[in-house]
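Below: one structure, written as structure tokens.
Each chain gets a letter, A, B and so on, in the order the sequences are listed, and its residues count up from 1. Quantities reported herein were computed from a predicted structural model and do not represent experimental measurements.
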2 protein chains.
Amino acid sequence: MANRSRVTIREVAERVGVHPSTVSRVLNPATRGRITPEIAEKVTKAANDLGYTPNQAARGLRTNRTRTIGVLIPDITNPLFPPIIRGIEDALGESGYTAIIGNTDNLAVRETEAVSTMRARQIDGLVLATARRDDPLVSQCVADGLPLVLVNRTADADGVSSIVNDDALGIALAVSHLKDLGHTKIAHIAGPLELSTGEARQRSFLEALQKEGLSPADCPVAETNAFSEDEGLRTAAELFAEGLSFTAIVAANDLIALGAYEAIADIGLRCPEDISVTGFNDMPFVDRLSPPLTTIRIPHYELGREAARRLVELIETPDSSARATTLRPELIVRGSTASPDR
Amino acid sequence: MANRSRVTIREVAERVGVHPSTVSRVLNPATRGRITPEIAEKVTKAANDLGYTPNQAARGLRTNRTRTIGVLIPDITNPLFPPIIRGIEDALGESGYTAIIGNTDNLAVRETEAVSTMRARQIDGLVLATARRDDPLVSQCVADGLPLVLVNRTADADGVSSIVNDDALGIALAVSHLKDLGHTKIAHIAGPLELSTGEARQRSFLEALQKEGLSPADCPVAETNAFSEDEGLRTAAELFAEGLSFTAIVAANDLIALGAYEAIADIGLRCPEDISVTGFNDMPFVDRLSPPLTTIRIPHYELGREAARRLVELIETPDSSARATTLRPELIVRGSTASPDR
DNA sequence: AACAACTGTGCAATCGTTTGCATGAAACGA
DNA sequence: TCGTTTCATGCAAACGATTGCACAGTTGTT
């Protein structure tokens, strides 16, 4: 029926016997009020009958607004990101926007590349899940006046909106949980410090120690180069090799925790009997590991929704100002944490 | 620097002192040959200097080709789909195309809805990962002449291109593996039969039994209503309740296998000592389950790449004909399969 | 009753590219 | 040398929607 050649506003106009501009005004909610209800009625009916849908390319050309936004993520294959994307797309859909996604594999070149192809497509704004603390791309977008929201990770630059997890709370929950179990010597395996998440979680860990009255001398901190299982394994192994006597590990994320699992097994210890481990993120299936991972659940979906909502707000009310929002995480206690032996 | 107001072809033309159409021809690879090399040179230089990027909205309006394609998936949050999407986007990127993604949650209304908003955006084609065997949306798109490729699942309708896994081979590998271990009584928990994957795997199971010389009477088949853990649990429990004496379960996918794990534990048996289980898909982290899941690895990323390549081909050479392609899966042996006790 | 204000609709320009056609110049064959 | 073909480029008309302005008709004010 409806062939690929679409029905235009002109055909609707001819059908009703009015000028195309009248049809346009009827179909635009903002101007519908200016048209006689009777005519508006006829126009909407004709538009429905003919199956009219506006040509977004034409509209975008004229208005310079495509209702399309770009989303940059490191890798959709990382289970962290799909819920964020889903949240973004759901929220965008409600406002008539659409997302195009770019995977950057954490490579700066691919980031700038992706942004320029997105700009060629006249995106109205950008959601970045790839921000580094010091990120030229962020400053560039801000300088160009491109509406921008950071999600998951934030950047040090100010004047930019961001929706991130409350990492301080998350880490405090983990440390407090371990202390309640009786742990006093707790190690932290930190993420990369050039990422806001890595830095914030490490800083929060130190703050939490203080708040809980634990001695930093008993609580070593090691840093990884990436939020990966390999790095978690390598770094945990290093901690053990130093002969430290901690009884628990607060990992900066779940993958690092997985690496820690391996390191613990490698030296013949058991989790949680000998060493407790906490993760961060609550990725899918970490409840199926052995032992099931005690971790911090981040509201990823809500992070995405909120980011999209904020971006639409930035686009549609240009005077709205940048602000940083944090969402509250939740401690999920499973089998990887227990009281230390003595 | 580059403000949001973009540099147009006209500015480039003025800078060089030629007509806009000349710039257009230089920038279009197909017509560059018709321009004096010397001028072409100057134009490309000016375009670079000014940081010109074509306005895709304008181009799309004029050419009716947006180099945008739509991708419909049930839910990006299902770990099956991100690799497919990644494959699609990577392949599209190589051809200058971009994808917009729609999550449909397997709801027919959301599917048609998503397709119509995508069509409003003038997509050049569609990749469907949501096809049911009898799918009105598929027939509709074919009828409308919208270039279409099915991925992961196919439909019964012919004349439509599809890229799917070779389920017959996958199931054959699983059955053969179990028979080699000594199993003769093997159950199959099938997926929904209205999906091509559910039907093909069940049919292939019966074929494989015959090929391996196993008695169908000893090999019960039960059907689920969804590829989910809950359904796997429910259906496996039913099989056990019937008092059948099988020693292995071939699950139609990994989630169903997970459900089977639970059902096995619920009746006090162990996997693989009492019952072997095979999955299908090799989802992330099934190697971390206990026991690690023996499963069939599907080349999801390649499925996506191939689907995108095929779609671009369909779009750019309109006389190319539809064909169905299958990609070869691989048996991944882990800890959930073992020889039966006796 | 005359003029002002308002209202609803049409007119036409515009957004940035692409592309069929026209044009003038150059190249070629006879 | 003239007529014809070829070639490189300019011209202008699209593509489909939006929107400032104009205009005619109506309503309101004094």
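- We find that CD of A/Glu14 is positioned 15 Å from C1' of C/dG10, with the value rounded to whole Å.
- B/Thr8 comes within 4.0 angstrom of sugar-phosphate atoms only, judged by non-hydrogen atoms across all strands, and of no base.
- For the pair A/Pro20 and B/Ala58, nearest-nucleotide mapping onto DNA chain D gives the more 5' position to B/Ala58.
- Using a 4.0 Å heavy-atom cutoff across all strands shown, A/Ser24 reaches at least one base atom of the nucleic acid.
- A straight line from CG of A/Asn55 to P of C/dC15 spans 18 Å, rounded to a whole angstrom.
- By the 4.5 Å heavy-atom criterion applied to side chains, B/Leu311 and B/Pro147 are counted as neighbours.
- Interatomic distance, OG of A/Ser196 versus CG of A/Asp156, reported as 8.0 Å (0.5 Å rounding).
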- request: Walk me through it: do A/Glu89 and A/Arg305 pass the test salt bridge (Lys or Arg N to Asp or Glu O under 4.0 Å)?
  value: CA-CA 8 Å; A/Glu89 299 205 324; A/Arg305 275 194 79 86; over 6 Å; no
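- Across all strands shown, A/Thr22 has heavy atoms under 4.0 Å from sugar-phosphate atoms exclusively, and none from any base.
- Note on A/His19: every side-chain N or O is 4.0 Å or more away from OP1 and OP2 of C/dT9.
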Polar atom pairs (N or O), protein with nucleotides 22-26 of chain D, under 3.5 Å:
none

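- In this structure, of D/dG20, D/dT9, C/dA12, it is D/dG20 that holds the atom nearest to the side chain of A/Arg25.
- Annotation for B/Ile39 and B/Thr22: closest pair CG2-CG2, 4.3 Å, computed over non-hydrogen atoms.
- Rounded to an integer number of Å, the gap from B/Arg34 CZ to C/dG20 C1' is 11 Å.
- Between the CD atom of B/Gln122 and the P atom of D/dC15 there is a distance of 14 Å, given to the nearest Å.
- Atom CD1 in A/Ile9 sits roughly 6 Å away from atom C1' in D/dA17 (whole-Å rounding).
- Here D/dT18 presents its C1' atom at 12 Å from CG of A/Asn64, a figure rounded to the nearest Å.
- A/Val115 is listed as a side-chain neighbour of A/Leu126, based on a closest heavy-atom distance under 4.5 Å.
- Atom pair B/Ile39:CD1 and D/dG10:C1' shows a separation of 11 Å (rounding to whole Å applied).
- You'll find that the side chain of B/Ser21 is closest to C/dT19, out of D/dA17, C/dT19, C/dT9.
- Rounding to whole angstrom units, CZ of residue A/Arg65 and C1' of D/dT19 are separated by 15 Å.
- With the nearest nucleotide of DNA chain C identified for both A/Leu61 and A/Val18, A/Val18 has the one nearer the 5' end.
- A residue-by-residue look at B/Gly33 and B/Thr63 shows that B/Gly33 has its nearest nucleotide of DNA chain D further toward the 5' end.
- Of the inter-residue distances, the one linking B/Thr104 atom OG1 with B/Leu72 atom CG reads 5.5 Å to the nearest 0.5 angstrom.
- Not one side-chain nitrogen or oxygen of A/Arg62 sits closer than 4.0 Å to the OP1 or OP2 atom of C/dT14.
- Looking only at distances, no side-chain donor or acceptor of A/Asp105 sits under 3.5 Å from a matching main-chain atom of A/Leu107.
- Under the 3.5 Å distance criterion, the side-chain polar atoms of B/Glu14 are left unmatched by any main-chain donor or acceptor of B/Glu11.
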